[in-house]
Amino acid sequence: MTSSPPSEGSARALPGAVPGAAPDRGPVRTARTVLTSRTSGLLVAQVVAAAAAFGINLMAARVMDPDGRGVLALALQVSYIATTAALLGIEAPYVARRAAPFPVVARELTSLLRPGYWFTGLAVAAAVVLYLGGRTGLATTVLLASVYAFGNTHVRAVRTAYIASGAFRPFAATAVVSQLALLAAGAVLLVLEVADPNVWIAVYALLSMVALVVLRTGGRRAGTTPDRAALTAVRRQGLRLVPASFGNTAMLRSDRLLLPALASASELGLYVVVATATEIAGWPVKQWVDASLRRWRDQPARTRGTLRLVATAAALALGLSAVLAGVTYAAVTYLLPEAYHPSRALLLPLGAATVVYAATRVQQGLLVARGEAGRVSAVELAGMAVSVVLYVVLIPGWGAMGAAVGSLVGYSACLAAGAVALRQTRHAGPELKRVETGT
C-alpha cells in the first residue's frame, strides 16, 4: 500500500465518499472499489484484526476443552450485545452526517456515548448482587464482561472517528497495536496453558481500555464545543436504528446465547471455533459499507447499481469464505484436540451464511444512506425473528448444526426482506441533510 495516511489534524471527507463522485462502472470496477477505495489504515487494521481473531480463537481452543471455550464465547457474546445497547445506534448516522478533524469527532462521540454508561453501571450492579449471593465465579465473569463491553464501545467509537476524520494514528493505537497486543497476550496464555475463561476475558477487557484513553485524550484537544443540534439529530436517527442494531446483533449473537441453554456449552465451543473464523470473510464488506455511506447518500438510487453492489459484496465474501474454510479445516484437523473435529461439518453452512450476511450489509447501508431507518429496523427484525424461531426449533435436536442452519436461513430471510425494501425505496431521495464541521 503506497497511499499515505492523512494527518491527524486535517479535515478530510471519507475516502471514496466525495460528493458528486461518479457512480461505479460495472462489476470489475466495483470490485476494485471494494478492495482499494479505503485508506491503508482500514486495510491494515482489517488484516491485523482478522489475524488476531483467528489466532486467539485457535489458541483458546488449544488450551480449553469445548466446555471452557463455550464459556469464554458466551461471555464475549454478552459483551458484544451490551456494546450494541450502549452505542444506541449512533455509528451509521454519525458517519453519514459528520466529517471533521479527529479532536472534534472524538469529543462529539464521547458526548454521544455518555447515555450508554448506564448499561455498564447496571452490569456492575448485577455482578455485585451475584457476588453477595455467593456466586463468585459468575460474578467475576459478569464484571469482566461488563468492563470489556464498556471498553468495546470506545473501540467502536474510535473506528467511527477514523472514518469521519481520516486520522490514522489514534485509530492505529486501538485497531492495530491493541490487536497485536491481544495476540501476544494470547500466546503467553497458551504457553502457560491458562484454561480459565475469566483470565482470557480479563485480557480482552484490559486491552479495550486503550480506546478509552485515545478517545478522551483526542477529545480534549478540540478547540470548539460539540455541535449540539447536529448531535441531537444523530442521536435521534440512532434511536430509530436501535431496533435494527438489536435485530442484527440477535441474528449474529443469539445462536451463541441459545446454544448453551438449548444444548450445551460444549456445543457452543464447537460452534464458535468455526463461526469465529468464517465470519471474518464479511468484515471487509462491513468496513467498505460504513466508509461508503456518505457517497451513497449523494448518489441517486438505481436498481441496477444496487444489484451490482450487492452481488459484488457477495462474490468478495464467497472468495474469502472459501479460503478461510480451507485454512480452518486444516487448523482444526492438525492443531486442535480431537474433541473439536466434529466442528468441521459446520464449515459449509456457516461459510454460506457469511456470504449471505455480507450481501445484507450492503442492502442495509443503502437503506441508511436513503434515510430509511424504519425500513432497516423492519428488515433486521424480520431476519432476527426467523433466526430465533429456527434456533429454538433446531438446536435441541441438532446442536451446533441447528444453529448453523438457523443462521443461514435467517440471513436469507433478511436478504429477501432487504431486496423488497430497496425496491420500494428505489425512487426515494435521501432524507439526511449534510452537517459538516471543519470543511
Let me confirm one number: the [atom1]-[atom2] distance from [X] to [Y], rounded to the nearest 0.5 Å.
{"X": "Leu88", "Y": "Arg240", "atom1": "CG", "atom2": "CZ", "value": "15.5 Å"}
{"X": "Met64", "Y": "Met59", "atom1": "CE", "atom2": "CE", "value": "11.0 Å"}
{"X": "Arg62", "Y": "Glu193", "atom1": "CZ", "atom2": "CD", "value": "9.5 Å"}
{"X": "Glu380", "Y": "Arg375", "atom1": "CD", "atom2": "CZ", "value": "15.0 Å"}
{"X": "Gln179", "Y": "Leu207", "atom1": "CD", "atom2": "CG", "value": "8.5 Å"}
{"X": "Arg107", "Y": "Phe102", "atom1": "CZ", "atom2": "CZ", "value": "13.5 Å"}

Quick one: are [X] and [Y] in side-chain contact, heavy atoms under 4.5 Å?
{"X": "Val273", "Y": "Asn57", "value": "yes"}
{"X": "Val272", "Y": "Arg256", "value": "yes"}
{"X": "Pro115", "Y": "Arg235", "value": "yes"}
{"X": "Ile163", "Y": "Thr160", "value": "no"}
{"X": "Val393", "Y": "Trp398", "value": "no"}
{"X": "Val234", "Y": "Gln237", "value": "no"}
{"X": "Val147", "Y": "Val124", "value": "no"}
{"X": "Leu182", "Y": "Ile56", "value": "yes"}

- Message: We want to know whether Arg344 and Thr333 form a side-chain donor-acceptor pair, criterion being a heavy-atom distance below 3.5 angstrom.
- Response: yes
Search all heavy atoms of [X] against all heavy atoms of [Y] and return the closest pair with its distance.
{"X": "Gly406", "Y": "Leu394", "answer": "N-CD1, 4.3 Å"}
{"X": "Asp255", "Y": "Ser407", "answer": "OD2-OG, 3.4 Å"}
{"X": "Ala106", "Y": "Gly219", "answer": "CB-N, 3.6 Å"}
{"X": "Val332", "Y": "Ser343", "answer": "CG1-OG, 3.8 Å"}
{"X": "Leu270", "Y": "Ala339", "answer": "CD2-O, 3.3 Å"}
{"X": "Ala149", "Y": "Ser79", "answer": "CB-O, 3.5 Å"}

Without swapping roles, check the side chain of [X] against the backbone of [Y] for a donor-acceptor pair under 3.5 Å.
{"X": "Glu267", "Y": "Ala263", "value": "no"}
{"X": "Asp65", "Y": "Gly68", "value": "yes"}
{"X": "Trp283", "Y": "Ala49", "value": "no"}

- Tell me, with the steps shown, if Val379 and Cys414 meet side chain to side chain contact (heavy atoms under 4.5 Å, CB included). CA-CA 6 Å; Val379 168; Cys414 186; 3.7 Å; yes
- Message: For a side chain to side chain contact (heavy atoms under 4.5 Å, CB included) check, start with the C-alpha distance between Leu144 and Trp200, then their side-chain angles and the critical distance, and finish with the verdict.
- Response: CA-CA 10 Å; Leu144 291 171; Trp200 290 76; over 6 Å; no
- Message: If you count every heavy atom of other residues, nucleotides or ligands that lies below 6.0 Å from Tyr131 atom OH, does the total exceed 12?
- Response: no
- Before giving the answer on side chain to side chain contact (heavy atoms under 4.5 Å, CB included), spell out for Thr276 and Arg69 the whole-Å C-alpha distance, their side-chain angles and the decisive distance to 0.1 Å. CA-CA 12 Å; Thr276 301; Arg69 184 65 185 89; 4.1 Å; yes
- Query: Less than 6.0 Å separating the ring centroids of Phe150 and Tyr117?
  - Reply: yes
- Begin from the C-alpha positions of Thr141 and Asn198 and carry the test side chain to side chain donor-acceptor pair (under 3.5 Å) through to its verdict. CA-CA 6 Å; Thr141 301; Asn198 282 339; 2.7 Å; yes
- Identify whether the distance between the nearest side-chain nitrogen and carboxylate oxygen of Glu279 and Arg361 falls below 4.0 Å.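 The answer is no: the pair does not qualify as a salt bridge.
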- Query: For Thr278, which of Leu320, Thr354, Leu346 qualifies under side chain to side chain contact (heavy atoms under 4.5 Å, CB included)?
  - Reply: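 That would be Thr354.
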- Plane angle bin for Tyr357 and Tyr411 - parallel if under 30°, tilted between 30 and 60°, otherwise perpendicular: tilted
- Carefully, step by step, assess Ile90 and Leu113 under the rule side chain to side chain contact (heavy atoms under 4.5 Å, CB included). CA-CA 9 Å; Ile90 64 171; Leu113 289 179; 4.2 Å; yes
